[in-house]
Amino acid sequence: MCGRFASIKSSTQLANEYEAVDGTRGRVVEPDYNIPPTHAVLTVVARHPRDANGTPDPASIVRSIRVMRWGLVPHWAKDPAIGSRLFNARMETVADKLAFRAPAAQRRCLIPADGWYEWRREEGRKRPFYLTSNDRESLALAGIWSVWRDPAGDADGPPLATCTIVTTPSAGEPAEVHDRMPLVLPRKDWGTWLDPDADLGVDGVAALLRPPGSDVLGRIEVRPISPAVNHVRNNGPGLLERFEPVSLPASLDISRLVSKS
DNA sequence: CCAGACGTTGTT
DNA sequence: GTCTGG
DNA sequence: CCAGACGTTGTT
DNA sequence: GTCTGG
């Protein structure tokens with residue numbers, strides 16, 4: 001699963017890391033250690049550039065960093081609020097589901113993350129963990145995206161670009177925390193995933209989707225963190241710090257003395 | 001044909 | 001927009 | 001994902 | 001219990 005993550009690199013840094021141009025057009029996305037669905041994120045896409053008339057040039061492909069809102073709003077949506085529920089797409093079904101099929105076939109993207117958060121259920125409680133790469137590189141999360149125009153708004157206004165993160169069954173270290181995880185793509189797969197000409201239909205998309213291999217899983221570190229991350233208003237590098245809840249010996253455990261009525 | 005959904009997670 | 005269910 | 005609301009009438 | 005907002 002992936003319902004909260006951290007992205008702390010600038011569009012300039014990401015342009016370098018992903019060999020892309022900075023296409024954010026002046027929209028600044030600040031480093032964010034606690035991104036929930038519906039917030040702005042930096043993404044990577046590869047598209048045919050368009051001329052003044054909007055006609056794409058099939059001869060060239062430009063990879064660029066773009067700002068999108070997390071939570072996919074299909075082009076036919078009447079209300080963009082639907083995006084708050086479409087923030088993940090299952091790898092197993094993304095090529096078939098009505099809301100995701102067209103974006104999966106035509107508009108795939110990467111969503112760079114420095115790490116993501118998971119909550120593990122333990123004895124009826126939830127404990128947060130940060131899952132991050134053990135090197136300096138960001139994790140390239142597989143995503144799909146869409147463009148929405150408000151049918152009640154002006155047709156010339158800027159359309160809303162939105163995205164969703166593809167999930168896969170967990171394996172390796174992440175499986176200790178949760179049974180689903182975002183699909184992290186190794187660098188060698190970025191090109192084929194982003195290829196705008198691979199408009200493949202259901203079978204073609206399915207062929208692009210591989211569960212994470214040991215190359216990816218071996219890079220991921222799992223770290224218990226403070227429940228401060230629970231609240232979206234909390235932000236900053238402190239959220240990433242290792243945190244072990246204090247477990248007192250039973251003789252000193254005051255919780256059993258506190259009234260639970 | 002029209003109406004209504006279109007999704008994931010987790011929980012029981 | 002497109003599919004499913006009635 | 002988690003936190004917090006979950007409602008109307010009428011008033012400033 | 002379930003939905004919305006962040």
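Predicted model, so just to flag it, every value in this text is computed and none were measured. In what follows, every heavy atom counts, from backbone to side chain, and hydrogens, waters and symmetry copies are set aside. Quick note on labels: first sequence line is chain A, next is B, and so on, each numbered from 1.
- Among the heavy atoms of the strands lying under 4.0 Å from A/Trp119 are primed sugar atoms or P, OP1, OP2 only; no base atom is included.
- Atom CZ in A/Arg101 sits about 10 Å away from atom P in B/dG7, given to the nearest Å.
- Between the P atom of D/dA3 and the NE2 atom of A/His231 lies a distance of 7 Å, rounded to the nearest Å.
- When only modelled atom types and interatomic distance are considered, A/Asp22 and A/Thr24 share a side-chain donor-acceptor pair under 3.5 Å.
- Using Watson-Crick or G-U wobble geometry with both donor-acceptor distances under 3.5 Å, C/dG5 finds its partner in B/dC2.
- Judged purely by distance below 3.5 Å, without hydrogens or angles, the side chains of A/Thr167 and A/Arg90 never pair a donor atom with an acceptor atom.
- Contact check on A/Glu123 versus A/Arg125 returns no salt bridge, with no Lys/Arg side-chain nitrogen under 4.0 Å from an Asp/Glu carboxylate oxygen.
- When rounded to the nearest whole Å, the span between CD1 of A/Ile144 and C1' of B/dT8 equals 13 Å.
- Between D/dC6 and B/dG4, the distance separating the two C1' atoms is 25 Å to the nearest Å.
- The neighbour count for A/Glu221 CD, taken as heavy atoms of other residues, nucleotides or ligands under 6.0 Å away, is above 12.
- Between the P atom of D/dG4 and the CG atom of A/Asn234 lies a distance of 11 Å, rounded to the nearest Å.
- Under the Watson-Crick or G-U wobble criterion, with both distances below 3.5 Å, B/dT8 has no partner in any strand shown.
- Inspection of the A/Glu17 and A/Ser138 side chains reveals an N or O donor paired with an N or O acceptor under 3.5 Å.
- Separation of the C1' atoms belonging to D/dT9 and E/dT4 is 23 Å when rounded to the nearest angstrom.
- Using cut-offs of 30° and 60° for the angle between ring planes, the A/Tyr117 and A/Tyr130 rings count as tilted.
- Taking atom C1' in both B/dA3 and D/dG7, the straight-line distance is 30 Å, to the nearest Å.
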Sugar-phosphate means primed atoms, P, OP1 and OP2; the rest is base. With that split, encode nucleotides 1-6 of chain E 5' to 3' as B, S or - using protein heavy atoms under 4.0 Å. ---S-B
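- Within the 4.0 angstrom heavy-atom criterion, only backbone atoms of the sugar-phosphate kind lie near A/Asp179; the bases stay farther away.
- Between A/Phe129 and A/Trp119, the gap from one ring centroid to the other reaches at least 6.0 Å.
- Distance CH2 (A/Trp116) to P (B/dT9): 14 Å, rounded to an integer number of Å.
- Of the side-chain N and O atoms in A/Arg180, none sit less than 4.0 angstrom from OP1 or OP2 of B/dT8.
- Using C1' as the reference atom, E/dG6 and B/dA5 are 26 Å apart when rounded to the nearest Å.
- In this structure, A/Ile82 places its CD1 atom 9 Å from C1' of B/dA5, rounding to the nearest Å.
- Counting to the nearest Å, the C1' atom of B/dA5 and the CZ atom of A/Phe100 are 13 Å from each other.
- Under the 3.5 Å distance criterion, the side-chain polar atoms of A/Trp193 are matched with a main-chain donor or acceptor of A/Cys109.
- Across all strands shown, A/Thr167 has heavy atoms under 4.0 Å from sugar-phosphate atoms exclusively, and none from any base.
- Separating the CD1 atom of A/Ile225 from the C1' atom of D/dC2 is a distance of 12 Å, rounded to the nearest angstrom.
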